[in-house]
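If you're wondering where the values come from, they're calculated on a predicted model, not measured in any experiment. Chain identifiers are assigned alphabetically (A, B, ...) following the order of the sequence lines, protein sequences preceding nucleic acid strands; residue numbering begins at 1 within each chain.
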2 protein chains.
Amino acid sequence: MDALDLDRQLCFALYSASRAMTASYKDLLAELGITYPQYLVMLVLWEEASAPEGVTVKHLGERLQLDSGTLSPLLSRLESLGYVTRHRSAEDSRSVFIRPTAEGAAAKERAECVPVRIGERTQLDPASMPELLETLRTLTRNLRAEPAPVEPPGPLPHH
Amino acid sequence: MDALDLDRQLCFALYSASRAMTASYKDLLAELGITYPQYLVMLVLWEEASAPEGVTVKHLGERLQLDSGTLSPLLSRLESLGYVTRHRSAEDSRSVFIRPTAEGAAAKERAECVPVRIGERTQLDPASMPELLETLRTLTRNLRAEPAPVEPPGPLPHH
DNA sequence: ATCTAAATGGTTGCACACAATTCAATTGTG
DNA sequence: CACAATTGAATTGTGTGCAACCATTTAGAT
C-alpha cells in the first residue's frame, strides 16, 4: 500500500497506453512509409487542404503542440519523402508554408483504413469512446494550465 | 465529418495527454535532478527494495516495457547521478543487477509529494480514477496483443 | 567434451521531444 | 526614420524509444 507503486500511477498507465498505441500504428503506417508523428502532421494537412497556400509551421505546432525543434527536421523528412513542399511566405518571409504534394494528398485514401484497423485493435466499446476522449482532453487541458509554483506558495496569485 | 480528423483520434488524445503529463512532472522531478523515465525506474527500485541484490535490467524492462537500448544509457545516467549501482550477477554474468544507492533510496522520501502534486494538477475526481486506470490498462493490453497481419489474411495460421 | 540454439545485455543508428540559442524579419513606439 | 521588442523558424544539445545487430554466456543435445 504505497502511493508510489508503479501500477497505481495514472502517469504510467497513460505513458504505457500511448507507447502501445504508437507501436500499433507502426505496421499500418509502414505501408505509407511514414512514422506516427509524421502521420499526425499529414492528418492536419489533409484536414486543412482547403487552404491553397498550405499551413504554416507555426500552425502545425499549435495543432499538435510541438515546437519547431521537433517539426523542422520532421518536415524535412516528409519533404524528402515527397509528401510535402515548403516555401516561405511572400507577405511575411519569416513564415514557412507547408503543403501536401499530389502524392501526399493521394496518400489520404490509403490512410482511410488506418483508424478503422486501430479501432478494431483497441477492442473498446465504440459507445464509450466519447467519454474517454473527453476525459483525456480535460486531463490534458488541466495539466497544461499554469501549475502553482513548486517552491513559493506565494501570497494570493491574481486570477 | 471526416474519420481522419485529428481531434476525433483517440491516439492523439492519448499522445497529447501523455506528453502533457510528462511535462507536468518536469518541475517536480527537477528537484530530484532526474527525468520522467528515470523516475519510473526509481519507482520500480523503491517498490522492490526488499530484494537485496537489486533487480536485473531485464526485470526493469518487463515492468516498464522498455528494452535495453533505452534502459542502458538511462541507467548509466542514473549511475553517474549517484542514484544506482550496477554490477553483474555472480551466478549468471550476463545479467546486470541494479540497486539504489543510499542516496537513491533516500530520494524516495523527497518523491512522496510528487504524486500528490500531480493529482492536484489533474483536477480529476478521485472517484473516477479507478475506472480511467482500468480503461487505459485494458486498452494497452488489447493493443499489445498480436495484431492481425496487415497484408495477408493468410490461410489459417496455426495456433 | 563439443556443438549449437537461445538468452542476455550492449552498441549503433535513426527519429522524435524539448529547452535554449541564434538569426532574420517584422512590428510597435516615439 | 530609428530602434527596441517581438515573432517564426532553424539549429544545437540532451535524453529518450526502438529496431537491428553484436558479443558473451548458458543450457541442451549429441
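- Within the structure, side-chain hydrogen bond (donor to acceptor under 3.5 Å, both in side chains) contacts touching residues 99-109 of chain B (residues at least two apart or in different chains) are A:D2-B:K108, B:H87-B:R99.
- The hydrophobic clustering, which links ILVMFWY residues whose side-chain heavy atoms are closer than 4.5 Å, places A:F97 and A:M42 apart.
- To the nearest angstrom, P of D:dG15 lies 18 Å from OH of B:Y36.
- Figure legend. C:dG30 is base-paired to D:dC1; pairs are counted as Watson-Crick or G-U wobble with both atom distances under 3.5 Å.
- Using a 4.0 Å cut-off, some side-chain N or O of A:Q38 falls inside it from OP1 or OP2 of C:dC16.
- When rounded to the nearest whole Å, the span between CZ of A:R88 and C1' of C:dC23 equals 10 Å.
- Closest approach to the A:R19 side chain among D:dA9, D:dC18, C:dA25 is made by D:dC18 (side chain taken as heavy atoms from C-beta onward).
- At a non-hydrogen distance threshold of 4.0 Å, B:S68, B:G69, B:S72 from residues 67-82 of chain B come into contact with DNA chain C.
- Among the heavy atoms of the strands lying under 4.0 Å from A:Y15 are primed sugar atoms or P, OP1, OP2 only; no base atom is included.
- For the residue pair A:R88 / A:S93, no side-chain donor-acceptor distance below 3.5 Å is found, with atom types taken as modelled.
- Which of C:dG10, D:dG8, C:dA17 sits closest to the side chain of B:R86 comes down to C:dG10.
- B:T138 and B:E134 form a side-chain donor-acceptor contact under 3.5 Å, judged by distance and modelled atom types alone.
- Aromatic ring pairs are classed by plane angle as parallel below 30°, tilted from 30° to 60° and perpendicular above 60°; the pair B:Y39 and B:Y25 is tilted.
- Among the atoms of the strands shown, only primed sugar atoms or phosphate atoms (P, OP1, OP2) are found under 4.0 Å from some heavy atom of A:T56.
- Side-chain N/O atoms of A:S89 and A:R94 include no donor and acceptor closer than 3.5 Å.
- For the pair A:Q65 CD and C:dC18 C1', the computed distance is 13 Å after rounding to whole Å.
- Both B:A23 and A:D92 lie close to DNA chain C; mapped to their nearest nucleotides by heavy-atom distance, the more 5′-ward contact belongs to B:A23.
- When each of D:dT16, C:dG10, D:dA10 is scored by its nearest atom to the side-chain atoms of B:P37, the top-ranked nucleotide is D:dT16.
- Residue A:R94 contributes atom CZ, which lies 4 Å from atom C1' of C:dT26 at whole-angstrom precision.
- In this structure, A:T35 and A:A90 both approach DNA chain C, and ranking their closest nucleotides by distance from the 5' end singles out A:T35.
- The side chain of B:S95 sits closest to C:dG9 out of C:dG9, C:dA25, D:dG17.
- Among the protein residues, A:E91 comes within range of the sugar-phosphate backbone only, with heavy atoms under 4.0 Å from sugar or phosphate atoms but none that close to a base.
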